[in-house]
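This report refers to the structure that appears directly beneath it.
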There are 2 protein chains.
Amino acid sequence: MDDAPQPPGPGPGSAFLLAQIGAHAAMRFAERIGELDLTPPQTGLLRAVAAAPGRSQQALATVLGTPPSRLVALVDQLDERGLVQRRRNPADRRLHALHVTEAGEKLLQRIAEVGRAHDDAMCAALDDAERATLRALLGRIADEQGLTPGVHPGYRHA
Amino acid sequence: MDDAPQPPGPGPGSAFLLAQIGAHAAMRFAERIGELDLTPPQTGLLRAVAAAPGRSQQALATVLGTPPSRLVALVDQLDERGLVQRRRNPADRRLHALHVTEAGEKLLQRIAEVGRAHDDAMCAALDDAERATLRALLGRIADEQGLTPGVHPGYRHA
DNA sequence: GTCGAATCGTTACAAGACAGAACGATTCTC
DNA sequence: GAGAATCGTTCTGTCTTGTAACGATTCGAC
């Protein structure tokens with residue numbers, strides 16, 4: 001753990017608060033899904049596979065912004081636990097089409113529950129109207145910054 | 001780079017957006033101060049030293065949440081570049097009191113400029129009133145979550 | 001058709017960051 | 001004055017990560 005900058009004049013700026021709270025949110029989320037024996041990268045991959053079944057590993061690597069060699073290990077871990085499957089495509093036997101198993105689907109439901117609880121905990125300081133306002137502002141920022149929906153760049157500790 | 005979760009029902013939840021945007025903000029900031037030949041941990045340390053001159057390395061390690069062994073390398077780097085100084089305390093020669101040099105002060109001013117530009121770029125999607133609203137909401141979240149002002153937990157790539 | 005270039009997944013490798021424990025030097029306590 | 005405690009440093013082992021080669025398979029040109 002380290003620290004970073006603190007911006008302009010009076011108190012921290014929005015960018016620093018975003019980075020600080022974002023790192024905190026990521027850590028807390030990692031703790032929560034750790035109880036399901038999952039790491040954040042594993043969770044992200046599982047969600048990405050479920051979002052569009054049958055994609056190749058290379059396609060996923062491109063979308064997730066990770067080197068293909070890293071994806072191999074990730075898929076291995078999920079495969080060993082029976083959460084995803086590699087199916088050879090008869091038309092093009094080079095690529096492995098990834099699919100989520102039933103066990104994977106079940107786990108995804110639990111992940112969604114964890115996500116809701118985490119979301120609620122992070123916004124504990126805000127009432128319902130304020131949460132809606134925050135979410136709208138963040139959505140506009142994410143859009144303007146060109147962030148891919150559902151993809152989180154740069155997690156630590158696989 | 002990896003990815004992470006995407007929360008509840010309709011679209012991403014606030015917690016995911018916070019983590020996603022926060023990581024993005026941290027990366028962009030790292031790029032900006034990279035042009036000043038600084039890493040985020042170095043920048044954070046420099047700011048921390050300036051915030052309270054004369055503190056010991058151990059005191060800083062506690063505040064920043066980093067192991068003392070890591071701080072040594074960081075202080076070395078800043079010392080070699082003449083940005084901070086280790087001054088032995090005559091009263092207690094065990095500890096090294098850290099101080100920012102004039103060159104360090106000058107660099108801090110440039111860092112502040114970079115921080116303002118970064119802040120502005122991150123909020124480009126919002127008008128002034130919306131930025132104030134966002135900042136207020138984020139400030140309350142950071143406070144409620146017990147985050148230490150000015151300290152950013154967990155940066156990657158020193 | 002066939003030969004070469006390109007693509008996919010995998011493996012191997014090297015580089016770097018990190019935390020934790022062990023180590024001298026110095027100071028505090030009794 | 002002797003032992004425990006503190007500070008900074010060094011050392012070591014582990015882990016993660018990106019890059020580069022490697023077979024297998026398919027596509028394109030001729």
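Protein chains get the first letters and strands the later ones, always in sequence-line order, with residue 1 at the start of each. Predicted, not measured: the structure shown is a model, and the values here were computed from it.
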- request: Please tell me if the side chains of B:L138 and B:L18 come closer than 4.5 Å, counting only heavy atoms from C-beta onward.
  value: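 Yes. Closest side-chain heavy atoms under 4.5 Å.
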
Quick check on [N]: is either OP1 or OP2 less than 4.0 Å from any side-chain nitrogen or oxygen of [X]?
| X | N | value |
| --- | --- | --- |
| A:R70 | D:dC15 | no |
| A:R55 | C:dC8 | no |
| B:Q57 | D:dC7 | no |

- prompt: Would you find a donor on one side and an acceptor on the other, under 3.5 Å apart, between the side chain of A:H118 and the backbone of A:A25?
  reply: yes

- request: Classify the nucleic acid contact of A:R86 as base, sugar-phosphate or nothing, counting any heavy atom under 4.0 Å across all strands shown.
  value: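 Sugar-phosphate, backbone atoms only, no base.
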
Would you indicate which nucleotide in [options] comes nearest to any side-chain atom of [X]?
| X | options | result |
| --- | --- | --- |
| A:R93 | D:dT9, D:dC7, D:dT25 | D:dT25 |
| B:S69 | C:dA21, D:dT19, D:dT6 | C:dA21 |
| B:S56 | D:dG8, C:dG9, D:dT19 | D:dG8 |

Nearest whole Å is fine: how far is [N] [atom2] from [X] [atom1]?
| X | N | atom1 | atom2 | result |
| --- | --- | --- | --- | --- |
| A:L95 | C:dA6 | CG | P | 19 Å |
| B:N89 | C:dC28 | CG | C1' | 15 Å |
| B:Q58 | C:dT26 | CD | P | 17 Å |
| A:L64 | D:dG18 | CG | C1' | 16 Å |
| A:L60 | C:dG9 | CG | C1' | 13 Å |
| A:D92 | D:dG28 | CG | P | 11 Å |
| A:L74 | D:dC15 | CG | P | 17 Å |
| B:L71 | C:dA17 | CG | C1' | 15 Å |

message: Just to verify, which of B:R28, B:R131, B:R32 counts as forming a salt bridge (Lys or Arg N to Asp or Glu O under 4.0 Å) with B:D120?
response: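 Exactly one candidate clears the test, B:R131.
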
- prompt: Is a donor-acceptor contact shorter than 3.5 angstrom present between the side chain of B:R94 and the base of D:dT6?
  reply: yes

message: With rounding to the nearest 0.5 angstrom, report the CG to NE2 distance, A:L147 to B:H24.
response: 5.0 Å

message: Between B:R87 and B:H96, do the side chains contain a donor N or O and an acceptor N or O under 3.5 Å apart?
response: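 No, no side-chain donor-acceptor pair sits under 3.5 Å.
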
